[in-house]
2 protein chains.
Amino acid sequence: MSTKNKILDAAESLFADKGFNGTSLREITSQAEVNLAAVNYHFGSKKELIKAVMSRYMNELSPRLESALVDVCNNDELTLVDVFSAFIEPLLSLNDFKDNGTSNFLQLLGRGYTDSQGFLRWFLTTQYPGVIDNFVLAVQKAYPELGAEEMFWRLHFTMGTVVFTMSSSDALIDIAKSDFERDLQISDVIRNVIPYVAAGVGAPMPVL
Amino acid sequence: MSTKNKILDAAESLFADKGFNGTSLREITSQAEVNLAAVNYHFGSKKELIKAVMSRYMNELSPRLESALVDVCNNDELTLVDVFSAFIEPLLSLNDFKDNGTSNFLQLLGRGYTDSQGFLRWFLTTQYPGVIDNFVLAVQKAYPELGAEEMFWRLHFTMGTVVFTMSSSDALIDIAKSDFERDLQISDVIRNVIPYVAAGVGAPMPVL
DNA sequence: CGTTATTTAAAACGCTTGTTTAAACTGAGC
DNA sequence: GCTCAGTTTAAACAAGCGTTTTAAATAACG
């Protein structure tokens, strides 16, 4: 395996565990068993390394997500559960692309929203706008009465639910095991969260 | 104002803005206009300072929350919206206790769940278990069909929604202003999120 | 084989971090 | 007025950070 990929793999798992700010280049290069200077040689800076880690996933995920969302729009009796379920297969396909890919990616997404004052939010929304656009279209078709402003809020709430859940999914799976003697996978967590966010987005419009 | 309180106030607003790890003691003491060593003199360590900032809020908030949740359980036709609405008044009362208290507290809560590998989660759940217990009781009364396992998941999803939303509430309010020309407050965000989480927790049980 | 470009290696740089030290100051109480 | 605990101060500490530099090792190619 190339030095570049060893760095990407190590950075990915450490970033997911301890956040971007909380992970040092020395930890990364030590786990990757490469020299410290290799990061700056191959990527230029830590910030560029973060972008590279995220891009590796997004380049794999975003076309699959977009086409899944376009597909689901052909459904004539589209429900919000259908829309959110469209995420399952593309997300789980990350596990083929890389072991534990789903978990790491969603955790990284969560980190990006809270670490580093939202520069990753800017990065994703500007670099991969197609996913968001198609998602909004699908939600609009499934729930046409939802106004633009409510849509804005509820999609952010949903992002929060998913991102937060996934960034602590390991802990949640542990608790589920000890409290309910359930051996769950990340896919079970995803399937659990879908009825929740679908109901949240589909909540009746409040009378203000 | 005492040095101790000057430190607490400065730490609070900086922690809310930039996270616990992202804020240095030098920034805090500089904004508080006190000497750097004063933090370690009065609080012992940065970690203890974080706990002190959170405790100042929780000691104010937790009895009000508990009694509001007990009160709402007297409602014979209790809905989930009622349960979540019980949080509004205690949270907004933090603004009397301190300017911008609600905003700061909820942002701090969000930080605590993502920064510092969840030590704050442990701190809150072990130090203030009464709030959680009463909350679970209220949800059970409003939605008795909800099983213990579903309850567990949905309460965590809700925690995620609220915590994530509030930790990025400033950014969301900014976007709402530029996109919809709305001048919103933190209380508007709270009122917006309630129908969402109530619908999420109240989602029909999935048929597995 | 020899030369050139690429990659690794170790060390150091300048800076920031949380914490500690030791001295100076402050203000009651005797 | 002196004492002494309680505070504040400036300076320094050791450790960790991202990054840069210099030299050695490796690979590619004519």
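Each chain gets a letter, A, B and so on, in the order the sequences are listed, and its residues count up from 1. Just so it is clear, the model here is predicted, and its values are computed rather than measured.
- Comment: B/R182 engages A/E149 in a salt bridge, judged by a side-chain N to carboxylate O separation of less than 4.0 angstrom.
- Here D/dG18 presents its P atom at 13 Å from CD1 of A/I7, a figure rounded to the nearest Å.
- Sorted by residue number, the members of residues 23-35 of chain B with any non-hydrogen atom under 4.0 Å from DNA chain D read B/R26, B/N35.
- The nearest heavy atom of DNA chain D to B/T3 and to A/G44 marks one nucleotide each, and the one closer to the 5' end goes with B/T3.
- The distance between the ring centers of B/F157 and A/F164 does not fall below 6.0 angstrom.
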* Check against side chain to side chain contact (heavy atoms under 4.5 Å, CB included), A/Y143 and A/M151 -> CA-CA 10 Å; A/Y143 188 6; A/M151 168 89 79; over 6 Å; no
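- Extent of DNA chain C lying under 4.0 Å from chain A heavy atoms, first and last nucleotide in 5' to 3' order, is C/dT6 to C/dA12.
- Of the candidate nucleotides D/dA12, D/dT8, D/dT19, D/dA12 has the atom lying nearest to any side-chain atom of B/L36.
- For B/Y128 and B/Y57, the distance between ring centers is not under 6.0 angstrom.
- Rounded to an integer number of Å, the gap from A/K46 NZ to D/dG16 P is 15 Å.
- Checked against the 6.0 Å centroid criterion, the rings of B/F105 and B/F97 do not qualify as a close aromatic pair.
- A/Q127 and A/S62 share no side-chain donor-acceptor pair at under 3.5 Å.
- Residues A/R56 and A/D9 are paired through a salt bridge, judged by an N-O separation under 4.0 Å between the basic side chain and the carboxylate.
- Residue B/N104 comes nearest to B/E12 through the heavy atom pair ND2-OE2, 2.9 Å, listed as atom of the first residue, atom of the second, then distance.
- With rounding to whole Å, B/Y41 atom OH is found 7 Å from D/dT8 atom P.
- Whole-Å rounding puts the A/H42 NE2 to D/dT19 P distance at 15 Å.
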